[in-house]
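Every value quoted in this text rests on a predicted model; they were computed, and no experiment measured them. These values consider heavy atoms only, across backbone and side chains, with no hydrogens, waters or symmetry-generated copies. We're numbering straight along the sequence, starting at 1. Just follow the structure's listing: the first ligand is 1, and inside any ligand the first atom is 1.
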Amino acid sequence: MNALDLLKEDHDKVRDLLEQLVNTTERAEKKRPDLLAKIEKEMQVHTQIEEEIFYPAFKKASGKQNDKMYYEAHEEHRAVEDLVLPDLKQADPGGTQFSGRAKVLKELIEHHAEEEEEEMFPQARKTMSERELEELGEKMQARKKELMAA
Ligand SMILES: [Fe+2]
Ligand SMILES: [Fe+2]
């Protein structure tokens, strides 16, 4: 599978889970943590395959003039993993604070996925061959399988 198709599929899955999460209410005390755990796992695995496999390949192929994209993407991962997700996990699923934090998580992830799809992926298509993208996709798929099972 092409690397970019694989990543886009992940994005769509997380978009769907986030949509479900923000549509819950304070009454969904059980469903909220369930959805959140799913989102966290998907995000962790996705972020890891990007940082281990896709981003370094992108950086290498796309050269210095695209470094900014590479670093910005890393910072956004960090903001989600170190700040927004931990905050949301601490919020009471029966409270309204949870709703606010869930919305911030959704906005941040959607912004990040959109930038990847609209800026990084088109650039990757220019600088990497179809064959390279296929090989990266294979690697990421194997790594993903491993991490999902862990
Ligand atoms: Fe990312
Ligand atoms: Fe991504």
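- The only member of Lys126, Met120, Gln123, Glu119 that meets side chain to side chain contact (heavy atoms under 4.5 Å, CB included) when paired with Asn66 is Gln123.
- Between Glu75 and Arg78, at least one side-chain N (NZ, or NE/NH1/NH2) sits under 4.0 Å from a carboxylate O, which counts as a salt bridge.
- Grouped by direct or indirect side-chain proximity (heavy atoms under 4.5 Å, Ile/Leu/Val/Met/Phe/Trp/Tyr only), Leu88 sits with Val14, Leu17, Leu18, Leu21, Leu35, Leu36, Ile39, Met43, Val80, Leu83, Val84, Leu85, Phe98, Val104, Leu105, Leu108, Ile109.
- Under the rule for a salt bridge (Lys or Arg N to Asp or Glu O under 4.0 Å), the partners of Lys89 that lie at least two apart in sequence or sit in another chain are Glu40.
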Please list every donor-acceptor pair under 3.5 Å in which a side-chain atom of residues 58-65 meets a protein atom from a residue at least two apart or in another chain.
residue : atom : partner : partner atom : Å
Ser62   : OG   : Phe58   : O            : 3.2
Ser62   : OG   : Thr127  : OG1          : 3.0

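- The count of protein N, O or S atoms under 2.8 Å from the Fe ion (ligand 2) stands at 4, with waters excluded from the count.
- Within His77, the N, O or S atom lying nearest to the Fe ion (ligand 1) carries the name NE2.
- Distance alone, capped at 3.5 Å, places no donor-acceptor pair between the Glu134 side chain and the Ala3 backbone.
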